[in-house]
*Asks:* 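To start, I am sharing the structure in question, which I have written as structure tokens.
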Amino acid sequence: MPETAPYSPPLPPSTFREHLRATVKLGVPLVIMQVTQMLVNVTDTLMVGWLGVEELAAGVLAFQTLFVVLIFALGISAALMPLVAGAMAKGDTQAVRRSTRMCLWVLLIVVCLFVLPLGFGEQILLALGQKPELAAMAQTYIEIARWSLIPAFLFTGLRNFLTSIEQTRAILWITIAMAVLNAFLNYALIFGNFGAPRLELEGAAIATCIANSAALIALALYVQFSRVARPYALFQRFWRPEWPAFFEVFKLGLPIALTILAEVGLFTGVSLMIGWLGAVPLAAHGIALQLASITFMVPLGLSQAAAVRVGNAVGRGDRNAIGLAARAAMALGVGFACLAALIFLLFPRPLVSLYLEADGPQVTEVLATATALLFMAALFQIFDTMQVTSLANLRGLKDTNAPFTIAAISYWPIGLGTAYVLGFALGFGAVGIWAGLVAGLAVASAWLTWRFSRREQLGLIPAA
């Protein structure tokens with residue numbers, strides 16, 4: 001018999017308005033957490049950008065390389081959301097514990113497979129056609145920061161466990177503290193302030209390692225000793241395998257990781273293509289992409305709430321709630337995306353100028369290019385929101401294999417193919433390459449949204 005869960009979710013909402021409120025209640029802390037997490041990357045980019053255009057371009061390559069690896073943690077741990085939410089709806093604490101422990105096992109194995117090859121990051125970047133001086137500078141960051149992936153992977157697993165049981169307050173405060181610590185260490189170690197040595201890119205990497213390690217320790221202590229998480233006893237006999245749960249997490253999480261990797265591969269491929277154009281377009285690309293990524297954290301947080309709420313409705317067998325929860329998340333996400341697009345269209349130059357010193361070399365060229373790219377970013381805000389929300393809704397149904405196929409087709413042959421043709425064959429440069437982003441995201445958003453809308457006909461949930 002399943003154990004009685006230490007935490008029981010409130011009575012489920014029944015109307016669309018109630019679903020909107022429930023999504024906001026769960027989603028807002030997740031949005032703040034995502035934005036705060038993003039501030040860690042923003043801080044790195046801002047302060048590295050103050051060193052110069054070449055350093056910023058190298059930093060963009062390094063950040064993108066490590067982010068591709070971190071995607072696997074995001075994907076695998078995302079499998080926890082439907083698994084834990086469904087188990088919570090049934091009151092099965094043992095299933096919650098088994099899934100979470102085995103998710104941490106999978107994350108440990110995967111991160112170990114990635115850390116050592118990243119020692120050859122410079123060679124990888126050179127093989128991908130990047131300029132030797134930029135690849136060498138990027139490796140000074142990667143060589144140190146790759147070790148931050150171990151605490152970052154485990155932090156992601158524990159974070160998604162707490163999110164799935166709808167306990168997000170501690171994650172929020174720990175993430176905020178991590179961002180503050182990272183900013184302080186960056187300012188000290190990059191520029192040699194407060195008596196610290198001036199380490200530039202290496203200093204940014206050391207700050208990332210320390211901040212991620214501190215965040216993991218804090219979150220692990222909370223999970224071990226807090227009133228809401230302690231009854232799950234996640235770390236008790238942690239070494240004991242639960243192979244059915246292990247393979248369930250892996251089977252569900254790997255397609256999610258590959259799906260996210262397909263999208264990130266699109267963005268990374270675009271970064272590499274723009275790197276072929278030189279340091280100035282690459283620096284401009286890094287600025288515009290980060291601004292777009294900041295606004296994307298809002299629909300991303302709302303989509304995580306959608307995965308939990310759809311998964312909970314599936315666990316209860318409530319077909320009507322599945323549709324209402326999904327529509328509520330989509331309405332909130334698209335509404336914010338329209339606002340973000342409007343801001344990009346109205347204030348591109350002031351936003352870009354935040355990343356550049358007024359009297360720095362090549363600033364005028366970077367400013368002009370990044371401003372043009374922000375207009376393209378405004379176009380794909382809605383498409384990006386629709387695809388991430390539809391993916392989360394399908395994830396709540398434990399539908400992960402078909403979305404991977406959809407993402408792979410949309411982002412690679414369509415997105416990257418269009419980017420190459422417009423950017424190089426037709427000579428539109430960085431703007432043409434970004435148009436490929438728009439094409440890939442538009443196709444994916446339409447296809448994934450259609451699949452969720454046909455969930456009954458496709459057999460993803462029992463027919464009425």
Side-chain angles (χ1 to χ4, degrees), residues 1-9 69-116 147-168 170-171 174 212-258 304 307-308 311-312 314-315 395-396 398 400:
M1 293 292 292
E3 300 174 18
T4 300
Y7 165 78
S8 297
V69 177
L70 188 58
I71 282 307
F72 272 86
L74 299 175
I76 291 169
S77 60
L80 271 182
M81 292 185 175
L83 292 174
V84 172
M88 288 291 294
K90 299 173 183 176
D92 192 346
T93 303
Q94 289 182 349
V96 173
R97 178 164 55 244
R98 286 194 297 265
S99 295
T100 304
R101 283 178 176 171
M102 291 303 98
C103 180
L104 295 174
W105 272 44
V106 175
L107 289 169
L108 273 172
I109 293 169
V110 170
V111 74
C112 289
L113 295 176
F114 278 116
V115 166
L116 293 179
W147 299 106
S148 71
L149 292 172
I150 296 175
F153 267 52
L154 295 177
F155 180 87
T156 301
L158 293 178
R159 182 187 71 186
N160 279 13
F161 157 68
L162 290 172
T163 298
S164 299
I165 63 172
E166 301 188 26
Q167 298 294 317
T168 56
I171 314 171
I174 290 172
N212 277 281
S213 299
L216 173 62
I217 292 170
L219 194 59
L221 290 173
Y222 178 82
V223 169
Q224 178 67 20
F225 297 110
S226 71
R227 179 182 59 82
V228 295
R230 185 175 61 246
Y232 291 96
L234 291 186
F235 302 127
Q236 182 179 330
R237 294 190 297 274
F238 182 78
W239 58 87
R240 181 179 177 181
E242 300 277 0
W243 294 118
F246 179 92
F247 288 110
E248 183 179 28
V249 170
F250 188 81
K251 181 180 178 181
L252 186 60
L254 182 60
I256 297 174
L258 293 175
Q304 291 174 340
V308 172
N312 194 275
V314 171
R395 200 172 296 151
K398 298 183 182 179
T400 60

*Asks:* Is any side-chain heavy atom of Leu258 closer than 4.5 Å to one of Thr400?
*Replies:* no
*Asks:* How far apart are the closest heavy atoms of Phe238 and Arg101, and which atoms are they?
*Replies:* CE1-O, 4.2 Å
*Asks:* Can you find a heavy atom in the side chain of Leu113 that is under 4.5 Å from one in the side chain of Phe72?
*Replies:* no
*Asks:* Between Leu104 and Leu158, is any pair of side-chain heavy atoms under 4.5 Å apart?
*Replies:* yes
*Asks:* Distance from Ile174 atom CD1 to Leu216 atom CG, nearest 0.5 Å?
*Replies:* 9.5 Å
*Asks:* Taking the side chain as every heavy atom from C-beta outward, state whether Leu234 and Phe161 have any atom pair closer than 4.5 Å.
*Replies:* yes
*Asks:* If I take atom OG1 from residue Thr93 and atom CZ from residue Arg98, how far apart are they, to the nearest 0.5 angstrom?
*Replies:* 10.5 Å
*Asks:* Kindly give the heavy-atom pair with the smallest separation between Tyr222 and Ala229, and that separation in Å.
*Replies:* O-CB, 4.3 Å
*Asks:* Measuring from Arg159:CZ to Leu80:CG, what's the distance to the nearest 0.5 Å?
*Replies:* 11.5 Å
*Asks:* Would you say the side chain of Pro241 lies within less than 4.5 Å of the side chain of Phe246, judging by non-hydrogen atoms?
*Replies:* no
*Asks:* A side-chain contact here means heavy atoms from C-beta on lying under 4.5 Å apart; do Ile165 and Tyr232 qualify?
*Replies:* yes
*Asks:* What pair of heavy atoms forms the shortest contact from Pro82 to Ala79, and how long is it?
*Replies:* CD-O, 3.4 Å
*Asks:* With rounding to the nearest 0.5 angstrom, report the CD to NZ distance, Glu248 to Lys398.
*Replies:* 5.5 Å
*Asks:* Of the non-hydrogen atoms in Ala95 and Ala87, which two are nearest, and what is the gap between them?
*Replies:* CB-CB, 3.8 Å
*Asks:* Is the number of heavy atoms from other residues, nucleotides or ligands under 6.0 Å of Phe250 CZ greater than 12?
*Replies:* no
*Asks:* What is the distance from atom CG of Leu108 to atom CD1 of Ile150, rounded to the nearest 0.5 Å?
*Replies:* 8.0 Å
*Asks:* Identify the two heavy atoms, one from Ser164 and one from Met81, that lie closest to each other, and give their separation to 0.1 Å.
*Replies:* OG-CA, 3.3 Å
*Asks:* State, with a plain yes or no, whether a side-chain heavy atom of Val308 is found less than 4.5 Å away from one of Gln304.
*Replies:* no
*Asks:* Shortest non-hydrogen contact from Ala245 to Ser99?
*Replies:* CB-N, 4.3 Å
*Asks:* Any chance you could measure Asn160, atom CG, to Phe155, atom CZ, to the nearest 0.5 Å?
*Replies:* 10.0 Å
